[in-house]
Number of protein chains: 2
Amino acid sequence: MSSTSPDTPTRILQATLSLLEKTDAKLPTMSDIAKASGVSRQAVYLHFPSRTDVLVAATRYQDQTNDVNTALASSRSAQSGIERLDAFVTAWGNYIPRIYGVARAILAVVDTDAEAAEAWNMRMADMREGCAAAVQALVADGTLPPDTDPEQATDLLWTLLSVRTWENLTQTCGWDQACYLATVRGLALATLGQDMGALRDVLAHSKDPA
Amino acid sequence: MSSTSPDTPTRILQATLSLLEKTDAKLPTMSDIAKASGVSRQAVYLHFPSRTDVLVAATRYQDQTNDVNTALASSRSAQSGIERLDAFVTAWGNYIPRIYGVARAILAVVDTDAEAAEAWNMRMADMREGCAAAVQALVADGTLPPDTDPEQATDLLWTLLSVRTWENLTQTCGWDQACYLATVRGLALATLGQDMGALRDVLAHSKDPA
DNA sequence: CTGTCAATTGACACAGTGTAAAGCAACTCT
DNA sequence: AGAGTTGCTTTACACTGTGTCAATTGACAG
């Protein structure tokens, strides 16, 4: 299937992704995208009505080729709530670096572009469902601390796992991925899992953040 | 002193702040700023070389009039490390809503504008010193969990107190400020303070997040 | 041979930033 | 009072980037 070159829309998306993945800050213009795709600038408009649409389509294409859901599915098969939480945190935490280049581009235009904001919010809503499911599993186990509102716990987990948090710790503070992951796992379990014994078991085969 | 109208640069900054504080998303253009300041667009360029400079100067002006340092100073007079941490988290957590409008504007251009990024990073570096000082106070008390690297604890606290985290919880998730503050205080203390007894004391006169 | 489709070229409108220059009104200095 | 200075205005322009439009080309299918 890679023998014959893919159709133009696909080539544009692939070129856009490759542009976004090189982290040299500057966001690509339509001309950049066209040049990288090997087509004229107008040809891009033939397939995507606006720059935002290209970016949004690129994220969808990436999600599709990376198959997020498969990555996150493993957490659904976990036994206990704690294990499920940990599996979800781990899966998502390891997925973020793969999407960061594109996420950065979208996030940069989210403040000014309603359509981009919409697209990003939908994507994050999907992820939030994973958080909600993990919290529900904790509730079912009775592992969530009794004075904790599930809704609020979901918000908290969702914030902890946000791309911004990942960005802050790994990009700005310079943590490596392993350290990020260990910390975030520990934090999620410490915050949402009251059963400290189970917590210790899960953390046992995980390196310490330090 | 408010009897005579302030000089033009000041009026521009004040007008910019008032534009930024109405949270109707769209960032003001130079024309918007000029109009709101009651001067011509070119007059703005007479005092500030670029749009970014206006935004940056506006944040400085705001910090100056709000006197951040005074607000954060209270944390320095705290007795124990735990109390100091809590005072710092509370002071900063309550300061964020006051600067959010402007912060949003700066953050929106940070991804595309190196100068804005520089200005924002400096501002956040100041805040980070407060985090570092609070962590140091914990270290001095021996209250920081023994396996925790102070540097890393600072990063974590800094991330927890980031504007993005505040934005996520209060703006996107719709938490009210009291709820945000209670949660963040609890999280900071639970994560960085190992002395659970002292923690409970501090949390005693604070409403529960729920 | 003729349509049709994909893409190209070139031109244009529009918004927003930033530069430049000429003019104008008020204030100060001596 | 005259001269210069300061602060601002008006007008014009260059430049970048987005998005639209129309005419043209090349290839392929019926």
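Excluded from the calculations below are hydrogen atoms, water molecules and symmetry mates; all remaining heavy atoms, backbone and side chain alike, are included.
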- Any pair with a residue in residues 111-120 of chain B that passes side-chain hydrogen bond (donor to acceptor under 3.5 Å, both in side chains), sequence neighbours left out, goes on the list, sorted by first then second residue, please.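 Every pair satisfying side-chain hydrogen bond (donor to acceptor under 3.5 Å, both in side chains) with a residue in residues 111-120 of chain B: T52(B)-D113(B).
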- Task: State, to 0.1 Å, how close P28(A) and L19(A) come at their nearest heavy-atom pair, and which atoms those are.
- Result: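 Here P28(A) and L19(A) meet closest at CB-CD1, 3.8 Å.
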- Measure across M127(B) and L161(B) and return the closest heavy-atom pair with its distance rounded to 0.1 Å.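 So the two residues come closest at CE-O, 3.9 Å.
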For atom [atom1] of [X] and atom [atom2] of [N], their distance in whole Å:
X: H47(A); N: dG19(D); atom1: NE2; atom2: C1'; answer: 16 Å
X: L46(B); N: dT6(D); atom1: CG; atom2: P; answer: 13 Å
X: Y45(B); N: dT9(D); atom1: OH; atom2: P; answer: 15 Å
X: I12(B); N: dG7(D); atom1: CD1; atom2: P; answer: 13 Å

- Task: For residues 36-83 of chain B, pull every pair meeting ring-ring contact (aromatic ring centres under 6.0 Å, His included), keeping only residues two or more places apart or in separate chains.
- Result: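 Found none.
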- Quick one: which residue pairs count as a ring-ring contact (aromatic ring centres under 6.0 Å, His included) with a foot in residues 90-118 of chain B, not counting sequence neighbours?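 Qualifying pairs: W92(B)-Y95(B), Y100(B)-W166(B).
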- Query: Taking 5' to 3' order, which nucleotide of DNA chain C is first and which is last to have an atom within less than 4.0 Å of a heavy atom in chain B?
  - Reply: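 Both ends considered, the range comes out as dG16(C) to dA20(C).
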- Nucleic acid contacts of residues 26-42 of chain A, taken as heavy-atom distances under 4.0 Å to DNA chain C: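 Of all residues in residues 26-42 of chain A, the ones placing a heavy atom under 4.0 Å from DNA chain C are V39(A), S40(A), Q42(A).
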- Item | Contact list for DNA chain D against residues 49-57 of chain B - heavy-atom distance below 4.0 Å | none
- Task: Mind checking the CG-OH spacing from L169(B) to Y180(B)? Nearest 0.5 Å is all I need.
- Result: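 Reported to 0.5 Å precision, the distance equals 7.5 Å.
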- Message: Give me each pair satisfying salt bridge (charged side-chain N to carboxylate O under 4.0 Å, His left out) with a member in residues 153-174 of chain B, each pair once, sequence neighbours excluded.
- Response: R128(B)-D155(B), R164(B)-E167(B)
- Message: Show me the pairs that pass salt bridge (charged side-chain N to carboxylate O under 4.0 Å, His left out) and involve residues 35-59 of chain B, at least two apart or across chains.
- Response: none
- Divergence of helical axes at both termini of the helix from dC1(C)-dG30(D) to dT30(C)-dA1(D) - five pairs an end, 10° steps: 10°
- Task: Please list, chain by chain and in numerical order, all residues satisfying salt bridge (charged side-chain N to carboxylate O under 4.0 Å, His left out) with R123(B), sequence neighbours excluded.
- Result: D63(B)
- Can you name the salt bridge (charged side-chain N to carboxylate O under 4.0 Å, His left out) partners of D126(A), sequence neighbours left out?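 D126(A) satisfies salt bridge (charged side-chain N to carboxylate O under 4.0 Å, His left out) with no other residue.
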- Message: When you compare the side chains of T29(B) and D32(B), does any donor N or O come within less than 3.5 Å of an acceptor on the partner?
- Response: yes
- Task: Going by the side-chain contact (heavy atoms from CB on, under 4.5 Å) test, name the single residue among L13(B), T16(B), V39(B) that passes it with I33(B).
- Result: T16(B)
- Task: Name all residues meeting the side-chain contact (heavy atoms from CB on, under 4.5 Å) criterion together with A15(A); count only those two or more places apart in sequence or in a different chain, and write none if there are none.
- Result: A36(A), S37(A)
